[in-house]
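Remarks on the structure that follows.
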Amino acid sequence: MENKPPTDVSNSKKRKRSDGPKPQSQSPLAIKKQKLLVSRQNLPIWSRQKDIRESLRQHSILVLSGETGSGKSTQVPQFLLTEPWCTGKIAVTQPRRVAAISLARRVAEEMGSPLGASSPASKVGYSVRFDDNTSAGTRIKYLTEGMLLQEMLRDGALSQYSCVVVDEVHERSVDVDLLLGFLKQLLESGKRKKPLKIVVMSATADVESLSRFFSTPTPKSEETSNGTVHGDDEEFQGFSDDEQSTPAEKSQVSTCRVEGRQYPVKLHYIDKPTEDVVDAALQRIMHLHCKEPMPGDILVFMTGQEIIHGLQKLVEELAGNLPPEYPRLLVLPLFAALPQAAQQRIFERAPPNTRKVILSTNIAETSVTVPGVRYVVDTGKAKIKQYRNRLGLESLLVKPISKSSADQRKGRAGREAAGQCFRLYTQQSYEELEKDTKPEILRCDLSNAVLKMKARGVDDVFSFPFLTPPNREAMEKSLLQLLLLGTLNEDGKINDIGRKVARLPLTPTLGRIVLEAARPERDCLLEVIDIIACLSVENIFLPTDTEEAREKALEARSQLHRRQGDHLTLLAAVQAYAAETSDRKRWATTHLISHRAMQNVLNVRKQLTTQCKSLLPNPTVRSTVDEDTQENILKCFLKGYHGNNIARLCPDKTYKTFAGNQTVAIHPSSVLFGRKVEAVVYNEFVFTTKAYARGVSAIQLKWLEDVWGSS
DNA sequence: CTATGAGCG
């Protein structure tokens with residue numbers, strides 16, 4: 001569902017004039033508040049205000065389902081703020097930063113309050129990574145799920161909050177699944193002195209499983225010797241599922257359903273399955289363009305960058321040959337890796353007599369709202385991450401989307417007016433789709449989630465209250481991984497290293513590499529932080545989609561390239577960028593490097609160096625990276641990868657992985673592409689057209705003994 | 001020898 005509140009485009013100056021004189025005492029904020037009240041009262045959720053307030057007086061948990069346009073994300077926190085039990089703050093979690101920020105802005109306006117830290121009188125703020133815009137008086141705090149998880153690691157009882165509103169639960173991010181489990185355990189633990197109210201909000205009608213989740217007591221841990229964070233389970237023993245739970249327990253949870261507000265969208269299917277969706281999309285786009293009236297832009301959902309570029313070429317070719325009496329066509333690709341300026345083009349108005357066609361990945365399904373769309377073309381496919389226990393790695397596969405995803409895509413045609421949706425598959429195929437997308441926690445490497453649980457005191461992770469429990473094999477794999485990393489002891493309990501790694505904003509592997517770099521024998525903390533910072537943000541190198549662009553980039557970045565490999569090349573890039581004091585943006589442009597990514601790198605670098613102060617108060621500062629340091633840097637990575645992510649050159653001139661003896665090629669984006677060295681360490685193993693190693697550096701085999709010999 | 005989705009800390 002869409003969180004972004006509708007942008008208010010009405011002209012407030014004009015309004016002020018035409019409304020006649022206001023009393024002098026009315027501040028601009030108060031005037032705005034008064035004006036917004038009317039549109040608030042027209043939201044579908046407004047009529048349910050009484051019910052919602054009443055149900056949380058009676059119960060501690062409310063499961064609320066409401067579709068796009070119901071107003072739940074902005075109104076529910078305001079309804080609850082004046083309730084007698086609400087003496088503390090209200091947290092409202094969002095899966096994405098932009099949503100947290102824009103919702104906070106909107107609600108501040110509606111309440112006539114200044115935003116965040118701008119004034120002590122502010123009642124509304126937000127908190128996202130690198131941007132905490134709250135003050136002591138903040139009552140409603142919009143924040144990302146990840147930020148609330150971090151807060152729960154510091155203050156296990158969430159003592160400053162009276163209420164947590166968990167929004168967009170249907171998206172089922174790993175973080176939201178962890179949050180729901182932690183919140184359930186907190187309610188059952190009896191650790192709260194004052195009551196904590198929980199509102200769980202979802203765009204789908206799937207209220208049943210959420211309310212069952214909260215009304216079913218968490219079964220007691222299998223290993224009774226392990227104290228868990230939930231303390232009061234004895235009294236719940238014997239109730240393991242819904243049928244056995246008593247009415248009294250059920251009544252903890254109340255439910256509410258609110259209608260959405262959407263224009264109708266006419267649905268079309270194809271009659272028989274197609275082999276070639278790109279061609280089918282091409283035909284449909286041209287047909288729509290020639291037959292349907294203007295205005296009305298077309299949004300096409302596709303799987304990835306490559307086929308988007310392919311279709312773009314085809315459409316532009318056909319559009320160029322159209323007779324002059326037809327409107328023009330403007331084709332715009334849209335995917336996350338596209339530079340910000342190119343993404344912005346979808347928001348610009350098209351030239352006169354021109355129809356926009358946006359060829360997009362899943363980014364337009366939830367994260368970006370494309371304006372002006374009346375027609376949606378849906379290929380019915382998406383790239384979906386999957387974790388393979390056997391190989392211990394994640395891969396992306398092109399797979400059919402779920403029904404709820406297809407319906408979400410369809411809804412994108414009805415945001416501004418009635419629209420149409422063309423599914424490039426049969427109605428029968430639609431009926432055969434899964435109802436919902438598999439929650440991510442069932443499809444990913446669990447080591448990060450498991451380490452967070454361990455850091456919160458959940459010793460027996462198998463009895464953790466998951467909304468959908470991952471299979472045992474995946475859990476065991478992550479425990480083994482964490483054990484090998486040295487973050488857990490043999491008995492599975494978290495150790496000192498583990499607690500430190502859990503607090504770093506990194507995957508356990510990258511966190512472990514940073515800790516390794518802080519050891520006196522390695523002494524390369526600042527250098528490794530620079531590299532790790534690059535690995536934890538989007539690609540710092542701007543994408544190169546043509547042969548020409550590739551050659552240009554190669555030349556522009558030539559001074560940054562290090563023949564030892566990608567790790568030292570990243571380090572050189574960060575150091576050169578940081579050393580540039582006059583005009584960093586220009587520096588980035590001339591080197592074909594993303595300025596935004598580099599700003600993020602510097603932010604991450606600052607955060608990591610601050611957090612590492614306690615590990616190593618005075619790390620060595622170097623102006624040049626000598627050979628010993630280079631070796632130490634790569635040895636930190638070898639340590640973190642504990643035998644994985646290494647390949648050596650074989651007599652047949654291919655690289656084979658050290659652990660599995662599998663052929664792997666160096667990725668074309670690597671500075672080592674095409675080079676033959678004794679052995680390599682790499683950050684990622686990806687399988688696309690074939691098996692590739694990405695983020696690659698040359699190593700010497702004799703280093704391995706040194707790394708594995710010293711613990 | 002030539003190029004995975006989007007999102008979070």
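Throughout, protein chains are lettered first and strands after them, A, B, ... in sequence-line order, and every chain is numbered starting at 1.
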Practice task
Could you go through the salt bridge (charged side-chain N to carboxylate O under 4.0 Å, His left out) check for A/Glu365 and A/Arg412 one step at a time?
Solution key: CA-CA 8 Å; A/Glu365 200 179 294; A/Arg412 291 299 178 168; over 6 Å; no
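Contact check, A/Arg97 against B/dG9: a side-chain N or O comes under 4.0 Å of OP1 or OP2. Under 4.0 angstrom from either OP1 or OP2 of B/dA3 there lies no side-chain N or O belonging to A/Thr688. Look at A/Gln305 and you'll find a side-chain N or O under 4.0 angstrom from OP1 or OP2 of B/dG5.
When distances are taken from the side chain of A/Val128 to each of B/dA3, B/dG5, B/dG9, the shortest belongs to B/dG9. Among the nucleotides B/dA6, B/dG5, B/dC8, the one closest to any side-chain atom of A/Lys383 is B/dG5. For A/Lys690, taking side-chain heavy atoms from C-beta onward, the closest of the listed nucleotides B/dC1, B/dG9, B/dG5 is B/dC1. The side chain of A/Pro668 has B/dA3 as its nearest neighbour among B/dC1, B/dG9, B/dA3. Relative to the side chain of A/Phe673, the nucleotides B/dG5, B/dG7, B/dT2 differ in distance, and B/dT2 lies closest.
Among the heavy atoms of the strands, none lies under 4.0 Å from A/Gln607. Among the protein residues, A/Ser536 comes within range of no part of the nucleic acid, since none of its heavy atoms lies under 4.0 Å from any strand.
If you check the side chains of A/Thr437 and A/Ser402, you find a donor sitting under 3.5 Å from an acceptor.
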